[in-house]
There are 2 protein chains.
Amino acid sequence: MISNLEYYKVFYTVAKEGSLTKAARELHISQPAVSQALKQLETQLDTVLFVRASRGVHLTPEGELLSSYVQSGLEQLLHGEAELMRRKNMEVGEVRIGASDMTLEFFLLPYLERFHEHHPEIKVLVTNGPTPETLQYLTAGKIDFGLVSSPDVDDPHIRAIPVREVEDVFVCGRRFLPYKNKTLDLKELEHLPIISLEQNTSSRRYMDQFLSENGVTIQPEFELAGSNMIVQFAERNLGVGCVARDFAEQQLKEGTLFALRFNQLIPKRHFSLVSLKNTALSVAAQNLVDLILETR
Amino acid sequence: MISNLEYYKVFYTVAKEGSLTKAARELHISQPAVSQALKQLETQLDTVLFVRASRGVHLTPEGELLSSYVQSGLEQLLHGEAELMRRKNMEVGEVRIGASDMTLEFFLLPYLERFHEHHPEIKVLVTNGPTPETLQYLTAGKIDFGLVSSPDVDDPHIRAIPVREVEDVFVCGRRFLPYKNKTLDLKELEHLPIISLEQNTSSRRYMDQFLSENGVTIQPEFELAGSNMIVQFAERNLGVGCVARDFAEQQLKEGTLFALRFNQLIPKRHFSLVSLKNTALSVAAQNLVDLILETR
DNA sequence: TGCTTGCTATAAGTTTATATTATATCATGC
DNA sequence: GCATGATATAATATAAACTTATAGCAAGCA
């Protein structure tokens with residue numbers, strides 16, 4: 001390749017204008033500068049590219065050949081720059097997010113709403129899945145960042161920023177009124193009809209882990225697929241539901257359900273924003289992350 | 001467009017190698033030079049293109065985007081240079097020539113043969129046609145150069161280089177033996193049965209012009225389409241043929257025909273190589289022209 | 001922890017190449 | 001034959017890029 005690609009900019013302009021003088025004006029340099037650049041180019045390629053006439057210049061057949069390549073080459077570069085600017089100014093682009101149902105519903109949604117309002121041109125792709133799947137997607141480069149509810153991220157390449165607390169509660173209806181305003185021992189859960197999530201979920205694992213650390217083992221009467229279901233089961237007094245507080249928020253406010261109180265605090269979990277440490281976020285993704293972190 | 005396209009060469013190499021140090025080695029410059037060039041590029045585009053890590057660098061999403069364009073852009077330029085070299089070294093290319101039957105047969109053919117022998121990869125396209133058509137093709141850019149037999153080229157944009165003399169002769173067979181070794185006056189042609197080319201040919205016009213300048217007007221008994229035919233007619237003693245000497249060369253040598261001699265020389269015509277003054281020839285075309293001019 | 005390794009970044013000074021100004025040269029058209 | 005409008009050349013100035021030396025930083029390892 002020739003020593004200085006800048007020469008091609010000169011070549012391109014001269015070919016377009018058919019005159020060194022005009023090209024010089026367009027390039028905002030002097031006419032001799034153009035003359036010398038062309039000379040350099042012709043010397044390096046060992047080919048005469050222009051026929052110099054008294055009324056300007058025009059391409060030789062070889063110059064003509066080269067010109068077509070130079071034109072499309074430079075336009076490619078220019079197009080690349082233009083696309084880059086559009087992405088940088090967020091006129092186009094996409095953000096790929098991995099999130100669980102819970103983080104999406106109780107945390108992410110309002111941010112996505114605001115983001116989309118400000119940047120309607122940016123496509124937002126949400127891949128719904130539990131924590132392990134989200135982390136897998138992250139390392140595979142399929143998502144820009146994720147929002148997970150589990151606190152246990154041990155991959156050293158992943159950075160997790162807690163963005164919100166999550167409180168796990170045991171909720172129940174009037175059938176269990178005697179327990180209201182009483183402070184229970186965790187051990188008593190073993191004798192209550194528990195309604196919880198299935199075993200393969202991270203929320204369930206978290207709770208089981210915590211309870212077992214305190215010598216408590218529960219054998220739920222109902223194991224359901226969704227937290228919403230658990231709340232409904234609890235409302236119908238089928239047992240004591242174990243869910244993140246958010247799912248039962250309304251019922252707790254209305255008094256349909258109440259939360260059991262224990263002599264020991266159930267440690268809070270966090271929603272965490274996870275991203276790859278050694279990978280940069282796209283402008284759009286970074287923008288959304290900033291929005292989340294600034295106003296969390 | 002960015003101020004210095006050289007930066008893209010650096011960008012491309014760094015992206016390919018994933019390391020400033022390796023890129024510097026490949027570009028035969030120092031590592032700081034690479035670092036500075038990237039910094040310039042990032043500043044000018046106002047975009048971070050690489051994530052710097054301790055084990056090298058890798059592209060940001062924006063860098064990735066730009067990279068695809070830069071890659072194809074630079075490859076385009078490189079491909080252009082490669083094609084140019086191939087044309088310059090005559091590994092590919094074509095030469096378009098306009099020539100009449102006569103110039104082709106009695107002049108050009110051996111040159112084309114030699115040229116093709118030396119440069120078998122170069123396509124040679126010969127467009128057969130009389131002088132005016134050849135000149136028209138030339139100005140239209142349909143041929144690189146032409147070979148014509150007429151001396152009258154008045155277009156100021158066309159350069160005509162005489163390459164060979166052509167002698168017009170009047171030839172006849174034994175029926176006209178009495179005229180052999182006699183020096184005739186041109187006037188006597190008026191009483192001989194002339195065999196000549198059709199009126200719309202430039203050879204015919206040339207001869208008519210010359211004769212009329214000398215007060216002679218001929219009324220041919222035969223007007224034929226080709227000079228070869230004229231020679232055959234003359235051999236059968238149907239009259240006195242007017243042709244370029246080349247057509248009757250063999251017959252004159254064998255004695256089947258002889259040429260009339262006049263007290264006034266018929267001015268010689270020339271085969272001329274015509275090309276456009278203000279247009280450069282392709283390397284291949286120039287090469288063939290040089291071959292012709294060197295050994296004419 | 002501290003050491004080594006393998007990177008990139010920064011600073012200062014030098015070199016190189018590119019630009020400018022002034023002027024020469026050349027062909028064209030009036 | 002001279003004015004015009006173009007490109008080329010020469011000398012000088014300027015600015016950009018390169019180099020060397022060195023700092024800084026993160027990761028891997030003892």
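Per chain, numbering begins at 1; letters A, B, ... match sequence-line order.
Ranked by how close their nearest DNA chain C nucleotide is to the 5' end, A/Ser54 and A/Ala33 are led by A/Ala33. Toward the 5′ end of DNA chain C lies the nearest nucleotide of A/Ile29, the other residue of the pair A/Arg55 and A/Ile29 mapping further downstream. Nearest-nucleotide assignment on DNA chain D puts the 5′-proximal partner with B/Gln40, out of B/Gln40 and B/Pro32.
One finds no side-chain N or O of A/Ser35 lying less than 4.0 angstrom from the OP1 or OP2 phosphate oxygen of D/dT9. A close approach under 4.0 Å does occur between a side-chain nitrogen or oxygen of A/Lys39 and OP1 or OP2 of D/dT9. Checking the phosphate oxygens (OP1, OP2) of C/dT8, a side-chain nitrogen or oxygen of B/Thr21 falls inside 4.0 Å. Using a 4.0 Å cut-off, some side-chain N or O of B/Asn4 falls inside it from OP1 or OP2 of D/dA17. At C/dA9, one or more side-chain N or O atoms of B/Arg52 fall inside 4.0 Å of OP1 or OP2 (strictly under the cut-off).
Nearest nucleotide to the B/Tyr7 side chain, out of C/dT20, C/dT18, D/dA17: D/dA17. Which of C/dT20, D/dT7, D/dT20 sits closest to the side chain of A/Leu20 comes down to D/dT7.
Distance alone, capped at 3.5 Å, is enough to place a donor-acceptor pair between the B/Asp144 side chain and the B/Arg96 backbone.
Atom-to-atom, CD of B/Gln44 to C1' of D/dA16 comes out at 12 Å; the value is rounded to the nearest Å. In this structure, A/Lys22 places its NZ atom 12 Å from P of D/dG5, rounding to the nearest Å. Rounded to whole Å, the distance from CD1 on B/Ile2 to C1' on D/dA16 is 14 Å. If you take NE2 of B/His58 and C1' of C/dC7, they are 15 Å apart, rounded to a whole angstrom. Between the P atom of C/dT8 and the CG atom of B/Leu41 lies a distance of 16 Å, rounded to the nearest Å.
For the atom pair CG of A/Leu49 and CD of A/Glu62, the computed distance is 8.5 Å after rounding to the nearest 0.5 Å.
Evaluation of atom-type donor-acceptor distances gives no pair under 3.5 Å for the side chain of B/Gln36 against the base of C/dT8. In this model, no side-chain donor or acceptor of A/Gln31 finds a partner on the base of D/dA6 within 3.5 Å.
Between A/Glu6 and A/Lys9, at least one side-chain nitrogen of the basic residue sits less than 4.0 Å from a carboxylate oxygen of the acidic one, meeting the salt-bridge criterion. A/Glu42 and A/Arg52 are joined by a salt bridge, as a carboxylate oxygen and a charged side-chain nitrogen come within less than 4.0 angstrom of each other. Here B/Lys16 pairs with B/Glu26 in a salt bridge; the nearest charged N to carboxylate O distance falls below 4.0 Å.
As judged by a 4.0 angstrom heavy-atom cut-off over every strand, A/Phe50 is placed among residues making no nucleic acid contact.
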